[in-house]
Amino acid sequence: MTKKFHIWTSGCQMNVHDSEKIAGIFSEIGYNEAGNSNDADVIVLNTCSIREKAEHKFYSELGRLKKAKKHNPKLKIAVAGCIAKQKGEKLFKRFPYVDFVFGPDNIESVQGWISDNGPRTSVIGEDPDYHTKLLPVKRAGQVRAWVSIMYGCDNFCAYCVVPYTRGREKSRAGHEIYKEVQSLAEQGFKEITLLGQNVNSYGKNLSKSIDFPDLLYKLHEINGIQRIRFVTSHPRDFSEKLIKSIKDLPTICEHIHLPVQSASDNILNLMNRGYTYKEYKKKIDMLRDAVPDIAVTTDIITGFPGETDADFQCTINALTDIGFDGIYAFKYSKRPDTKALDLPDHVDDKVKSDRLAVILKLQESITYRKNRALEGKKMEILVEGVSETASDKLTGRTRTNKIVNFYGDVSDVGKPVNIKILEAKQHSLFGEKI
Ligand code: SAH
Ligand code: SF4
Ligand code: F3S
């Protein structure tokens, strides 16, 4: 009987895309995807270490699998991703029922592990050539696709584990990215999202001189791709040349995710972010001057060590000042190896939570107000499929990355459709086809 694999994924888009690569390897060696974890011969937990909460989620999932392994001793369990990279062999000691541990650079090692009938081992070393390798990818959708353009991060923001889990920053060659996007276009994909922890520094390690806007101009030429998105942009490296490319190129969507983290210069400095709030705001103003209807989203951390009430007030003021379309906000979480651990004046957990609640509440009203302003407007959406929350409706996104649900025909899937927005909700819009 054909063996089956199941992948559990937590974390950022990069991890979601890595799971597509892990699935690609399993498919190549003849495994099928299991409907759920109970049905699988091999289970991979692709983990995230960005905050304590993500780590706890992994431990509770692993706890569940302990029972599954008791029922089925032949079940193989592998741990992948950022926690795997950080903990390595140590995971075997604490969780004797884990069979294999592999890091983000070692996805191809799955093949050898399976064909050697799964010896208990860990492979977590940084692979200096990982960015040149072409792994098979089993993609989850048929309309939108992820494309890695770079791996790792050299920024060492004081709170962040990513430079330790994903290693040094390395860009993929431009012609390889071009080839991948061209092949996606030929397969019928309509939208691509370029992935990197800091896409604005794309190209730094490459011998051929190319930067991120140059890459966008190249990819724009590919026939069949209607929309190009990218995450994440670092405000320090967000350039005028990039703004010009967004303005010039009709395929580049009018949405930027530009994590500000805090609007206090004191905190930004302690975070090692490399910009002031004024510089950040200036870039947003330039962007909005060039592309007036662009949507801007951001990330915010509350209660970073040393954050006073006055520092926090700066961030509150910035939310109103800038008017983001949406935010992801988190309370500061202590992470292993990071510089922020050694900073003085760690903030009380209750204060962090209270500040987070204030931020989320304020943003809720701003997001809703922004969504309300779209009522009556005509917008183009790219139809992705049936809505997960309302199965009688189809769903898609505007170029500004807002979710729109509407009554339509399944033959609309994969097509751009013009919609009149009828009603704004907190997290989505409802509209009708015109
Ligand atoms: N490369 C991206 C995002 C990395 S992680 C960037 O530079 O912005 C995604 C978000 O998680 C970060 O933007 C930050 O807001 C949040 N984050 C990272 N480490 C954190 C920590 N230790 N505690 C709380 N939030 C954190
Ligand atoms: Fe983490 Fe900063 Fe790198 Fe983003 S830029 S991944 S926040 S170190
Ligand atoms: Fe998490 Fe690793 Fe992504 S820590 S956010 S899965 S890079």
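Just follow the structure's listing: the first ligand is 1, and inside any ligand the first atom is 1. These numbers were taken from a predicted model, which means no experiment stands behind them.
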Taking every heavy atom of E307 against every heavy atom of T302, the minimum-distance pair comes out as OE1-C, 3.9 Å

Checking heavy-atom distances from atom 2 (C) of ligand 1 to each of R236, M14, Q197, M271, the winner is Q197

closest protein heavy atom to atom 1 (Fe) of ligand 2 is C160 SG, 2.3 Å

Notebook entry, point to check: Has Q261 got any heavy atom lying under 4.0 angstrom from an atom of ligand 2?
Noted result: no

* Between H6 and N38, does any side-chain donor sit less than 3.5 Å from a side-chain acceptor? -> no

Checklist line | Student check: side-chain heavy atoms of L249 and I246 closer than 4.5 Å | finding: no

- Mind checking whether atom 3 (Fe) of ligand 2 has an N, O or S of C153 under 2.8 Å? yes

Contact region, H234 to ligand 1, non-hydrogen atoms below 4.0 Å, reads neither

Could you check whether any heavy atom of R273 sits closer than 4.0 Å to an atom of ligand 1, since that is the contact criterion I want to use? yes

Query raised in the report: Should we count CD of Q313 as having more than 12 external heavy atoms under 6.0 Å?
Result: yes

For the residue pair Y332 and F330, is the inter-centroid distance of their aromatic rings smaller than 6.0 Å? no

- Item | Sidechain N-carboxylate O distance under 4.0 Å for K179, E176 | yes

Between the side chains of R335 and E55, is the shortest nitrogen-to-carboxylate-oxygen separation below 4.0 Å, so that they form an ion pair? yes

A student checking ligand 1 against Y332 at a 4.0 Å heavy-atom cut-off should list atoms 23 (N), 24 (C)

the protein heavy atom lying closest to atom 4 (Fe) of ligand 2 turns out to be Q197 O, 4.3 Å

* Asked: Between Y275 and F238, does the ring centroid distance fall short of 6.0 Å?
  -> no

min-distance protein heavy atom vs atom 5 (S) of ligand 2 -> N155 ND2, 3.3 Å

Logged contact type for F330 with ligand 1, heavy-atom cut-off 4.0 Å, is side chain

Ligand 1 to P259, heavy atom cutoff 4.0 Å, flagged ligand atoms 8 (O)

One finds that the ligand 2 atoms under 4.0 Å from a non-hydrogen atom of V162 are 6 (S)

Ligand 1 to K331, heavy atom cutoff 4.0 Å, flagged ligand atoms 23 (N), 24 (C)

Margin query: Let's go through H257 and F230 carefully: what are the C-alpha distance in whole Å and the side-chain angles of both, what is the deciding distance for ring pair (Phe, Tyr, Trp, His ring centres under 6.0 Å) to 0.1 Å, and is it a yes or a no?
Written below: CA-CA 8 Å; H257 183 64; F230 50 85; over 10 Å; no

At under 4.0 Å between heavy atoms, what of S333 touches ligand 1? The answer is both

Of all protein heavy atoms, the one nearest atom 19 (N) of ligand 1 is Y159 CD1, 3.2 Å

Ligand 2 to R273, heavy atom cutoff 4.0 Å, flagged ligand atoms 2 (Fe), 7 (S)

For F156, the atoms of ligand 2 under 4.0 Å from one of its heavy atoms are 8 (S)

**Message:** For E61, is there an ion pair with R64 - N to carboxylate O distance below 4.0 angstrom?
**Reply:** yes

Does this structure show an ion pair linking K334 with E52, if we count only N-O contacts that are shorter than 4.0 Å? no

message: Could you check whether Y217 and D248, counting side-chain N and O atoms only, form a donor-acceptor pair closer than 3.5 Å?
response: yes

Excluding water, the protein N, O or S atoms sitting under 2.8 Å from atom 2 (Fe) of ligand 3 are C82 SG

Next on the checklist: Assess whether a salt bridge exists between K133 and E108, defined as any Lys/Arg side-chain N lying under 4.0 Å from an Asp/Glu carboxylate O.
Outcome noted: yes

Does a donor on one side chain sit under 3.5 Å from an acceptor on the other, for T232 and Q197? no

The atoms of ligand 1 lying under 4.0 Å from a heavy atom of R51, numbered in the order shown, are 11 (O), 16 (C), 17 (N), 23 (N), 24 (C), 25 (N), 26 (C)

Within 4.0 Å of some non-hydrogen atom of P163, the atoms of ligand 2 are 8 (S)

The answer for which part of I50 has a heavy atom under 4.0 Å from ligand 1 is both

Hey, what's the ring geometry for F95 with F58, parallel, tilted or perpendicular (30° and 60° as the breaks)? perpendicular

Counting from 1 in the order shown, the ligand 2 atoms closer than 4.0 Å to a non-hydrogen atom of H234 are 5 (S)

Heavy-atom proximity to atom 13 (O) of ligand 1 ranks first, among T302, V260, D299, for D299

So the atoms of ligand 1 within less than 4.0 Å of a heavy atom of R335 turn out to be 22 (N)

Closest non-hydrogen contact found for K352 with V347 is CE-O, 3.3 Å

Below 4.0 angstrom, N of the basic side chain to O of the carboxylate: do K74 and D41 qualify? no

Atom 14 (C) of ligand 1: closest protein heavy atom, distance to 0.1 Å, is Q261 OE1, 3.4 Å

The answer for which part of P259 has a heavy atom under 4.0 Å from ligand 2 is neither

NZ of K53 to OG of S333, rounded to nearest 0.5 Å, is 10.0 Å

- prompt: If you measure from the Lys or Arg side-chain nitrogens to the Asp or Glu carboxylate oxygens, is any gap between E126 and K170 under 4.0 Å?
  reply: yes

Residues R166 and D105 bridged, charged N to O under 4.0 Å | no

- Item | Salt bridge K218-D214, side-chain N to carboxylate O under 4.0 Å | no

Closest to atom 2 (Fe) of ligand 2 among protein heavy atoms sits C157 SG, 2.3 Å

Per-atom filter on ligand 3: closer than 4.0 angstrom to a heavy atom of Q197 are 7 (S)

inquiry  = Can you tell me if I301 contacts ligand 1 (heavy atom of the residue under 4.0 Å from the ligand)?
reply    = yes

Residue, atom and distance of the protein heavy atom nearest atom 6 (C) of ligand 1 read T232 CG2, 3.9 Å

Ranked by distance from atom 7 (S) of ligand 2, the top protein heavy atom is Y159 OH, 3.4 Å

